[in-house]
Amino acid sequence: MSRGLLALPRPGLRWLPVWRRNFLVWRKLALPSVLGNLADPLIYMLGLGYGLGGLLPAVQGVDYVQFLAAGTIVASTMNAATFEALYSAFSRMHVQKTWDAMLNTPLSLDQVLTGELVWAATKSLLSGSAILLVIAALGLAASPLALCIVPVIFLTGLAFAALALIVCALAPSYDFFMYYFTLFITPMLLLSGVFFPTDQLPALVQAVAAWLPLAHAVQLARPLLLGHLPSDVATHLAALLAMAGSCFWIATALTRRRLLK
């Protein structure tokens, strides 16, 4: 890649109209979208949490459904950000040519990508916050510290949206996304402490899992939901921020090569 393609993103503030455009389109189908994002994680949480959880002893000192609740929040956040930055962004870039139309205005590609990144994180924030409200209504939030999960949701959404934009920049078609889900998203969902404590895993797998972005989100969200301050807060926040920043830089460089070459 040339030096220009590898330059750091320069978003400025002109990404706001891109975010607003996506929001206005989403608003027309807001209710079905929110309900759709709620249904799948809540089915898992209620089915596994109350069904399977009724057969299990306490996990890390709490009922299994309460243990699972925090994992459900961040897993739903990951999925919402990933789907938006993959399928929806790819449609706007490759199929509908919405990005081409935007690039015929004073907007730069960096600003279009920033708008897509922040919109995907915003959509994941709506999804994760809705699930947090349901969890609180079920009495599974132990203290007001659970409100601190909201910024964790947004930061998690940024990290996974940036990762997904890399895949979006490389994808020749929608089918390509299945490799990402099969080889990365699904294994991470199983290894990051969403469904069971990671100390049940072999030592080598634990060491690898500790580096996964979803694991950092789980380590922040679960203590907050249970009314405790997380340990190593700075480490987990820095890991998610570093993931979001570095992946967005890579996504920007790859998208420049794809659209501006």
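Residue numbers run from 1 in the order of the sequence given.
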Q. Between Q200 (side chain) and P197 (backbone), is there a donor-acceptor pair under 3.5 Å?
A. no
Q | side-chain hydrogen bond (donor to acceptor under 3.5 Å, both in side chains) partners for T198, two or more places apart | A | none
Q | P223: side-chain contact (heavy atoms from CB on, under 4.5 Å) partners, not counting sequence neighbours | A | H228, P230
Q. CG/L113 to CG/L107 distance, rounded to the nearest 0.5 angstrom?
A. 11.5 Å
Q) If you measure from CZ on R14 to CE on M102, what distance do you get to the nearest 0.5 Å? A) 14.5 Å
Q. Roughly how far apart are L229 CG and L224 CG, rounded to 0.5 Å?
A. 7.0 Å
Q: Go through the structure and list residues passing side-chain hydrogen bond (donor to acceptor under 3.5 Å, both in side chains) with E84, not counting sequence neighbours.
A: S88, R92, W119, K123
Q: Following the transitive rule for hydrophobic clusters with a side-chain heavy-atom cut-off under 4.5 Å over Ile, Leu, Val, Met, Phe, Trp and Tyr, establish whether F184 and F248 coincide in one cluster.
A: yes
Q.
Is there a side-chain contact between M78 and P213 in this structure, where contact means two heavy atoms from C-beta onward sitting under 4.5 Å apart?
A. no
Q. Any link between M178 and F90 through a network of hydrophobic side chains (Ile, Leu, Val, Met, Phe, Trp, Tyr) touching at under 4.5 Å?
A. yes
Can you list, pair by pair, the side-chain donor-acceptor contacts under 3.5 Å of residues 153-177, counting residues two or more places apart and other chains?
| unit_1 | atom_1 | unit_2 | atom_2 | d |
| --- | --- | --- | --- | --- |
| T156 | OG1 | V152 | O | 2.7 |
| S173 | OG | D175 | N | 3.4 |
| Y174 | OH | S91 | OG | 2.5 |

Tabulate below the donor-acceptor pairs under 3.5 Å that side-chain atoms of residues 67-74 make, not counting sequence neighbours, or state none.
| unit_1 | atom_1 | unit_2 | atom_2 | d |
| --- | --- | --- | --- | --- |
| T72 | OG1 | L68 | O | 2.9 |

Q. Taking a hydrophobic cluster as the set of Ile, Leu, Val, Met, Phe, Trp and Tyr residues connected by side-chain heavy atoms closer than 4.5 Å, whether directly or through intermediates, do Y180 and L190 fall within one such cluster?
A. yes
Q: Check whether any side-chain heavy atom of M93 sits under 4.5 Å from a side-chain heavy atom of R258, and report yes or no.
A: yes
Q.
Treating S192 as the side-chain partner and V194 as the backbone partner, does any N or O pair qualify as donor plus acceptor under 3.5 Å?
A. no
Q. Considering only heavy atoms from C-beta outward, does the side chain of L212 approach that of L191 to under 4.5 Å?
A. yes
Identify every side-chain donor-acceptor pair in residues 17-28 under 3.5 Å, counting partners at least two apart or on other chains, and give the distances.
| unit_1 | atom_1 | unit_2 | atom_2 | d |
| --- | --- | --- | --- | --- |
| W19 | NE1 | T122 | OG1 | 3.0 |
| W26 | NE1 | S33 | OG | 2.9 |

**Q.** Test item: T186 side-chain N/O and T182 main-chain N/O as donor-acceptor pair under 3.5 Å
**A.** no
(Q) Let me check something: do L147 and L220 share a hydrophobic cluster, defined by ILVMFWY side-chain heavy atoms less than 4.5 Å apart, either directly or through other members? (A) no
Q. So which pairs with a foot in residues 54-67 pass side chain to side chain donor-acceptor pair (under 3.5 Å), sequence neighbours left out?
A. none
Q. Roughly how far, to the nearest 0.5 Å, is the CG atom of L86 from the CZ atom of F181?
A. 5.5 Å
Q | Sequence neighbours excluded - side chain to side chain donor-acceptor pair (under 3.5 Å) pairs with any residue from residues 208-219 | A | H216-H236
Q.
Taking salt bridge (charged side-chain N to carboxylate O under 4.0 Å, His left out) as the cut-off, I'd like each qualifying pair that reaches into residues 183-202, sequence neighbours left out, listed once.
A. none
Q: Have a look at R257 and tell me which of L254, T255, L259 forms a side-chain contact (heavy atoms from CB on, under 4.5 Å) with it.
A: L254
Q) Rounded to the nearest 0.5 Å, how far apart are CG of L103 and OG1 of T105? A) 7.0 Å
Q: Go through the structure and list residues passing ring-ring contact (aromatic ring centres under 6.0 Å, His included) with Y50, not counting sequence neighbours.
A: none
Q | Shared hydrophobic cluster, L241 / V218 (ILVMFWY, side-chain heavy atoms < 4.5 Å) | A | yes
Return a table of donor-acceptor pairs under 3.5 angstrom between the side chains of residues 124-139 and protein atoms on other chains or two or more places apart.
| unit_1 | atom_1 | unit_2 | atom_2 | d |
| --- | --- | --- | --- | --- |
| S124 | OG | A121 | O | 2.7 |
| S127 | OG | S76 | OG | 3.0 |
| S129 | OG | L125 | O | 2.7 |

